[in-house]
Every structure is written in structure tokens, then in C-alpha cells.
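Have a look at the structure below before the remarks.
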Amino acid sequence: MTQRWFSALLLASVLLLGVTPAFANKDAVQFGSNIVVPEGQSVHDAVCFFCSVNAKGDIDHDVVVFFGNVHIAHASRHDVVVFFGSVRAEDDASIGHDVVNFFGSVHLGESVTVGNDLVVMFGGLRAADSANIVGNRVAQPAWLFWTPLIVLGLIITLIVHEVRSRRRREYLAAYGYAPMPPQPPAPPAPPVQ
């Protein structure tokens, strides 16, 4: 018994001593609370779940948002990745590398610079004519995703309906209609006065 406790204690101490602390000096990570970078300030990375990033200042590296929006007023020096939300870059803003958006929209203002690729999957893209995208521009509209799913859903619904109708017809042909439940007795007539 003592050897078991000693082994467990030794294993726990090795695991605790082996854990390296995460370095997040200027990172902003939130779950459910919006991240706001004031003008004149900067953060290294901005990661947000179920919230939005409003960057009036600079973002020195990546922006990653799930189920929220990104607003860039000045600069993001690396990637901007958004799932189920929108990206909005104000006039004269710059994004150092890629912009990737799934199931959302991207709006680029006048003279916005994207340093590499712009990818919008199953969403909308609105970019000013003066927006400069150095790499590739890939935009797949939402109907490319939803149309096959809706058609597939309708086909499955039709098949399920036909199978149920066939089984019901077979049951009624074999066993006939179910007997009617007995009628409740009529209420007694009111007494005559």
C-alpha cells in the first residue's frame, strides 16, 4: 500500500514539475467577453470564443475568432481567421498575411491591404476597388454549401415519408382498421321540475 502511494506521489510530482507555463504576456484570450484593443495600444495574439474583437490599435500577430466578429481599424500584422462571423477592415487598414473566413462575410474598405491570400468559404465578400490583395482571392458563396444539403435533406425526407406510408398501407391491409373505442355513456338527462 505504501509503495502504491509513493508511486502515485512520484508520478504526480514528475507531471507537475514537467509542465511548462504558457507565455502569454501580451495575448488576449477571451471566452464570451469581447476583446477591445484601444487606439495606440497593441496585443500580440487575440483569440476569442463566442465574442468579438474590436481592434482600434494594432495586433502584432494572429486574430482567431469562433462565433464572433472582427473589426480592424488600423493593422493586424499576421493572419485573421474567423469561423461563423464577419471580418471588417476599415479604410487604410492592413492585414499582414492571410484572411480566412468560414460561414461569414468579409468587408474590406478603401485602400485596405491584405499581405497574402483572402479566403471566404460559404459567405460573402465585399471589397472596395482600391483594396489590394497580394495573394489569391478565393470566395465560395454560401449557396454552394447549403443547396446540396437542402436537396439531400429533401430526398431523405421523401424516402422516409414513402417508407412510412408503405408500412402503414401494409399494416392496414393485413390487420384492417383498428376498432373504434367505446363511446362514453350519454350524460343523464336533467331532472324536470
Response to the item:
For R169, the side chain to side chain contact (heavy atoms under 4.5 Å, CB included) test, sequence neighbours excluded, returns S165, R166

Response to the item:
Rounded to the nearest 0.5 angstrom, the CD1-CD1 distance for I59 and I35 is 8.0 Å

Worksheet item: Can you tell me how far OG1 of T157 sits from CD1 of I150, rounded to the nearest 0.5 angstrom?
Response: 11.5 Å

Worksheet item: Taking atom CD of E170 as the centre, does the number of heavy atoms from other residues, nucleotides or ligands within less than 6.0 Å exceed 12?
Response: yes

Practice prompt. Establish whether M121 and V81 are linked, either directly or via other cluster members, by ILVMFWY side-chain heavy-atom contacts under 4.5 Å.
Written response: yes

Worksheet entry | S52 OG to H71 NE2 distance, which is reported to the nearest 0.5 Å | 11.0 Å

Fill in: Test side chain to side chain contact (heavy atoms under 4.5 Å, CB included) applied to S94 - qualifying residues, sequence neighbours left out
A75, T113

Worksheet item: Considering only heavy atoms from C-beta outward, does the side chain of I133 approach that of L108 to under 4.5 Å?
Response: yes

Fill in: Residue pairs involving residues 127-151 (criterion side chain to side chain donor-acceptor pair (under 3.5 Å); sequence neighbours excluded)
E110-S130

Worksheet item: What distance do F103 atom CZ and F84 atom CZ have between them, rounded to the nearest 0.5 Å?
Response: 5.0 Å

Response to the item:
Contacts of D45 meeting side chain to side chain contact (heavy atoms under 4.5 Å, CB included) (sequence neighbours excluded), chain-then-number -> D27, H61, D62

Worksheet entry | Heavy-atom closest contact (D117 atom, V114 atom, distance) | O-CG1, 3.8 Å

Worksheet entry | Heavy-atom pair with the smallest gap, counting every atom of G115 and V134 | O-CB, 3.4 Å

Worksheet, complete the sentence: Using a 4.5 Å side-chain heavy-atom cut-off and chaining through intermediate ILVMFWY residues, the residues clustered with V160 come out as L152, I156

Item to complete: Please check if V120 and F102 belong to a single hydrophobic cluster, counting links between Ile, Leu, Val, Met, Phe, Trp and Tyr side chain heavy atoms closer than 4.5 Å.
Response: no

Discussion item. Suppose we screen for salt bridge (Lys or Arg N to Asp or Glu O under 4.0 Å). Which residues come up paired with D60, at least two apart in sequence or across chains?
Written reply: R77

Worksheet entry | Rounded distance (nearest 0.5 Å) linking atom CG of N54 with atom CG of N69 | 10.0 Å

Worksheet item: Do F67 and V29 share a hydrophobic cluster, counting only Ile, Leu, Val, Met, Phe, Trp and Tyr and linking them when any side-chain heavy atoms are less than 4.5 Å apart?
Response: yes

Discussion item. Strictly by disulfide (SG to SG under 2.5 Å), give each pair with a member in residues 42-79 just once, sequence neighbours left out.
Written reply: C48-C51

Item to complete: Only counting residues at least two apart or in another chain, list the ones meeting side chain to side chain contact (heavy atoms under 4.5 Å, CB included) with I155.
Response: V151, I159

Fill in: Pairing residues for H74 by the ring-ring contact (aromatic ring centres under 6.0 Å, His included) criterion, not counting sequence neighbours
none

Worksheet item: With sequence neighbours excluded, what pairs up with F49 under the ring-ring contact (aromatic ring centres under 6.0 Å, His included) test?
Response: F66

Practice prompt. Return each pair, listed once, that meets salt bridge (Lys or Arg N to Asp or Glu O under 4.0 Å) where at least one residue sits in residues 78-95; pairs must be two or more places apart or across chains.
Written response: R88-E90

Item to complete: Identify the two heavy atoms, one from G109 and one from A131, that lie closest to each other, and give their separation to 0.1 Å.
Response: O-CB, 4.2 Å

Practice prompt. Might you point out which heavy atoms bring N101 and S86 nearest each other, and give the distance in Å?
Written response: ND2-CA, 4.0 Å

Discussion item. For F50 and F31, take the angle between the two ring planes, folded into 0 to 90°, and tell me which bin it lands in: parallel under 30, tilted 30 to 60, perpendicular over 60.
Written reply: perpendicular

Discussion item. Distance check, rounded to the nearest 0.5 Å: H78 atom NE2 versus D98 atom CG?
Written reply: 8.0 Å

Worksheet item: disulfide (SG to SG under 2.5 Å): which pairs involve residues 97-173, sequence neighbours left out?
Response: none

Worksheet item: Is V112 reachable from L125 through a run of I, L, V, M, F, W or Y residues, each pair having side-chain heavy atoms under 4.5 Å apart?
Response: yes

Worksheet item: Are V82 and V119 co-members of a hydrophobic cluster defined by side-chain heavy atoms under 4.5 Å apart?
Response: no

